[in-house]
Enquirer: 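Following this message is one structure expressed as structure tokens.
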Amino acid sequence: MAIGTLTPSQEQDASHEALLEFPDNRLLIDLCGEYDRNLATLEQKLGVQIVRRGNQLSVLGEEAARDQAAAVLAALYDRLETGRSVEAGDIDRELRMGQEQVATPGSQLEMFRGGKVEIKTRKKLVEPRTDAQKAYVQSLFEHELAFGIGPAGTGKTYLAVAVGVSMFITGHVDKIILSRPAVEAGEKLGYLPGDMKDKVDPYMQPLYDALNDFLPGKQLAKLLEEKQIEIAPLAFMRGRTLSNAFVVLDEAQNATTMQMKMFLTRLGEGSRMVITGDRSQVDLPRGVASGLADAERLLSSIPKVSFNYFTSRDVVRHPLVAAIIEAYEADEKPA
């Protein structure tokens, strides 16, 4: 990295200011963002002041916040030097994870702890934004059966689909199978017009949305037509053996115990299976046990099965989502 060494300013008290020098003014413009919005984000998040002086950025504030802001700026400039862009999500990731990620592994299947974790797809490079997401992605590559459990907005399904696409385009699996229980979330949709596909697709739309993020539209349409990518309700999995496939069961909290057992026993040779769910959003009829809870209880002691857990701190949607989840969690706790 061509960035200058972080040094105390000689113009002001060293305990309040640090200077970073950036040799490429074009990259510095991208680092600052349109109307300096990237700098404004860091100022708001960390309570610092960032002043541009030519090809230098002066960071003023308390020592801990100042050092963190300087480290984030250095990491984002490094990113720009490799030809990548800087978006709001990249700033959020650096704020959450700091400089822990220092090296890029040669193979995604040989990722080591402490290194940078990246998921390569046809349309974008996906990077975990929290430590829990990083551990989850590593588990998806390392385990044949992995669970991701936690609240909405923590990237459980999105990252699982990204890993599936990555493993498909690199030839580690021959197909991708994405499934969900077709359970109505408090609304009766069976009266809607159309054939079976028209009735089922609304339940599956989040899976289509994730795939559209990772694959070009024409290629995705072709893969769906050729059934190299399948999106189907959980009930359609009965009787199948899923070999050489990357299989995702989303919204698994809405699978019954028998459905979960049926799905887990579909795992065939050369396949990977990911189960994602949110224990706080069960839409099953009253009195029907969630298969996700049973699987967690029964399988947690099996060494080759991984369980990764997320909390409101791992929410990567709008900041209000984390606050909403925390409010509901607080209300559910016994007085």
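Predicted, not measured: the structure shown is a model, and the values here were computed from it.
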Enquirer: Tell me if the centroids of the rings in F310 and Y136 come within less than 6.0 Å of each other.
Expert: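 Centroid distance F310-Y136: below 6.0 Å, so yes.
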Enquirer: Using side-chain contact (heavy atoms from CB on, under 4.5 Å), reason through E144 and V305 one step at a time and then give a plain yes or no.
Expert: CA-CA 7 Å; E144 293 179 340; V305 179; over 6 Å; no
Enquirer: On a heavy-atom basis, which atom in N212 and which in K123 lie closest, and how many Å separate them?
Expert: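 Taking N212 first and K123 second, the nearest heavy atoms are O-NZ, 2.8 Å.
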Enquirer: To the nearest 0.5 Å, tell me how far H143 NE2 sits from R272 CZ.
Expert: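 Going from NE2 on H143 over to CZ on R272, the span is 9.5 Å.
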Enquirer: In Å, rounded to the nearest 0.5 Å, how long is the span from CG of D314 to NZ of K156?
Expert: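 Between D314 CG and K156 NZ, I get 10.0 Å after rounding to 0.5 Å.
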Enquirer: Treating S179 as the side-chain partner and A232 as the backbone partner, does any N or O pair qualify as donor plus acceptor under 3.5 Å?
Expert: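 Indeed, once roles are kept as given, a pair shorter than 3.5 Å links the two residues.
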Enquirer: Output side-chain donor-acceptor pairs under 3.5 Å for residues 241-252, partner residues at least two apart or in another chain, one line each.
Expert:
{"from": "D250", "atom 1": "OD1", "to": "T157", "atom 2": "OG1", "distance (Å)": "2.5"}
{"from": "D250", "atom 1": "OD1", "to": "T276", "atom 2": "OG1", "distance (Å)": "2.7"}
{"from": "D250", "atom 1": "OD2", "to": "R180", "atom 2": "NE", "distance (Å)": "2.7"}
{"from": "D250", "atom 1": "OD2", "to": "R180", "atom 2": "NH2", "distance (Å)": "2.9"}
{"from": "E251", "atom 1": "OE1", "to": "Q253", "atom 2": "NE2", "distance (Å)": "2.5"}
{"from": "E251", "atom 1": "OE2", "to": "R180", "atom 2": "NH2", "distance (Å)": "3.3"}

Enquirer: For I119 and S166, work out which heavy atoms get closest and say how close.
Expert: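 Shortest heavy-atom contact: CG2-CB, 3.7 Å.
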Enquirer: Rounded at 0.5 Å granularity, tell me how far CZ in F147 sits from CZ in F307.
Expert: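 F147 CZ to F307 CZ: 4.5 Å, rounded to 0.5 Å.
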Enquirer: What pair of heavy atoms forms the shortest contact from A289 to L284, and how long is it?
Expert: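 Smallest heavy-atom distance, with atoms named: O-CD1, 3.7 Å.
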Enquirer: Can you confirm whether R93 sits close enough to K134 that some side-chain heavy atom of one is under 4.5 Å from a side-chain heavy atom of the other?
Expert: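 R93 does not reach K134 side chain to side chain.
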Enquirer: Please determine if E87 and R79 form a salt bridge, counting it only when a charged side-chain N lies under 4.0 Å from a carboxylate O.
Expert: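 The answer is no: the pair does not qualify as a salt bridge.
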Enquirer: Under the side-chain contact (heavy atoms from CB on, under 4.5 Å) criterion, do L60 and R66 qualify, and how do the steps go?
Expert: CA-CA 6 Å; L60 301 98; R66 182 197 67 206; over 6 Å; no
Enquirer: May I ask you to test the V48-I50 pair for a side-chain heavy-atom distance under 4.5 Å?
Expert: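 A side-chain contact under 4.5 Å exists here.
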Enquirer: Quick one: do I176 and Y208 end up in the same hydrophobic cluster if we chain Ile, Leu, Val, Met, Phe, Trp and Tyr together by side-chain heavy atoms under 4.5 Å apart?
Expert: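 I176 and Y208: one cluster.
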Enquirer: Using the rule side chain to side chain contact (heavy atoms under 4.5 Å, CB included), only one of I91, L39, D78, L28 pairs with L73; which is it?
Expert: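 Option passing the side chain to side chain contact (heavy atoms under 4.5 Å, CB included) with L73: L39.
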Enquirer: Any salt bridge between R240 and E230, counting N to O under 4.0 Å?
Expert: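 Here R240 pairs with E230 in a salt bridge, since their nearest N and O are under 4.0 Å apart.
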Enquirer: With sequence neighbours excluded, tell me which residues meet side chain to side chain contact (heavy atoms under 4.5 Å, CB included) with Q228.
Expert: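 Side chain to side chain contact (heavy atoms under 4.5 Å, CB included) list for Q228, sorted by chain: F168, L223, E226.
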Enquirer: How would you list all residue pairs meeting salt bridge (charged side-chain N to carboxylate O under 4.0 Å, His left out) that involve residues 204-216, not counting sequence neighbours?
Expert: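 Found K124-D213.
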Enquirer: Indicate yes or no: at least one non-hydrogen side-chain atom of Y77 is less than 4.5 angstrom from one of P23.
Expert: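 Contact flag for Y77/P23 side chains = yes.
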Enquirer: Look at the side chain of T154 and the backbone N and O of G150, then say whether any donor-acceptor pair between them is shorter than 3.5 Å.
Expert: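 No, the answer is negative, given that no donor and acceptor are paired below the 3.5 Å cut-off.
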Enquirer: Treating Ile, Leu, Val, Met, Phe, Trp and Tyr as nodes and any side-chain heavy-atom pair under 4.5 angstrom as an edge, say whether I302 and L267 lie in one connected cluster.
Expert: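 Yes, one cluster joins them.
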Enquirer: Mind running side-chain contact (heavy atoms from CB on, under 4.5 Å) on V59 and Q49 for me, showing each step along the way?
Expert: CA-CA 6 Å; V59 185; Q49 181 183 0; over 6 Å; no
Enquirer: Assigning hydrophobic clusters by single linkage (Ile, Leu, Val, Met, Phe, Trp, Tyr; side-chain heavy-atom cutoff under 4.5 Å), is V288 placed with V282?
Expert: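 Yes; tracing contacts between hydrophobic side chains, which count when under 4.5 Å, links both residues.
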Enquirer: Heavy-atom count check: over 12 atoms from other residues, nucleotides or ligands less than 6.0 Å from Q56 CD?
Expert: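 Above 12, so yes.
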Enquirer: Establish whether Y309 and L299 are linked, either directly or via other cluster members, by ILVMFWY side-chain heavy-atom contacts under 4.5 Å.
Expert: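 Yes, because Y309 and L299 connect within a single hydrophobic cluster, where side-chain heavy atoms sit under 4.5 Å apart.
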Enquirer: L178 versus M204: any side-chain heavy-atom pair under 4.5 Å?
Expert: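 They are not in side-chain contact.
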Enquirer: Taking side chain as C-beta onward, heavy atoms only, is F263 less than 4.5 Å from R238?
Expert: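 F263 vs R238: side chains apart.
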Enquirer: Can you confirm whether L211 sits close enough to I231 that some side-chain heavy atom of one is under 4.5 Å from a side-chain heavy atom of the other?
Expert: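 Result yes, sub-4.5 Å side-chain heavy-atom pair found.
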Enquirer: How long is the straight-line distance from CG of D294 back to OG1 of T257, given to the nearest 0.5 Å?
Expert: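 T257 atom OG1 to D294 atom CG measures 3.5 Å (nearest 0.5 Å).
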Enquirer: Within the 4.5 Å heavy-atom criterion, are N38 and L76 side-chain neighbours or not?
Expert: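 No - every pair of side-chain heavy atoms lies 4.5 Å or more apart.
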Enquirer: If you compare all heavy atoms of L215 against all heavy atoms of Q219, which two are closest, and at what distance to 0.1 Å?
Expert: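 Nearest heavy atoms, L215 then Q219: CD2-OE1, 3.9 Å.
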Enquirer: Considering non-hydrogen atoms only, spot the tightest contact between M260 and G291 and give its length.
Expert: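 What the structure gives for the nearest pair is CG-O, 3.6 Å.
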Enquirer: Could you check whether any side-chain heavy atom of N308 comes within less than 4.5 Å of a side-chain heavy atom of I149, counting everything from C-beta outward?
Expert: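 No, too far: nothing below the 4.5 Å cut-off.
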Enquirer: Would you confirm whether E225, through its side chain, and K222, through its main-chain N or O, come within 3.5 Å as a donor-acceptor pair?
Expert: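 Flag not set: sc E225 to bb K222 has no pair under 3.5 Å.
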Enquirer: For L224 and I229, which heavy atoms make the closest approach, and how far apart are they?
Expert: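 Looking at all heavy atoms of both residues, the shortest contact is CD2-O, 3.4 Å.
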Enquirer: Would you compute the distance between atom CG of N254 and atom CG of D283 and round it to the nearest 0.5 angstrom?
Expert: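 One gets 4.5 Å once the value is rounded to the nearest 0.5 Å.
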Enquirer: Working to the nearest 0.5 angstrom, can you tell me the gap between L31 CG and R52 CZ?
Expert: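 L31 CG to R52 CZ: 9.0 Å, rounded to 0.5 Å.
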Enquirer: Tell me whether K120 is salt-bridged to E127, with the criterion being a basic N under 4.0 Å from an acidic carboxylate O.
Expert: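 No, this pair does not count.
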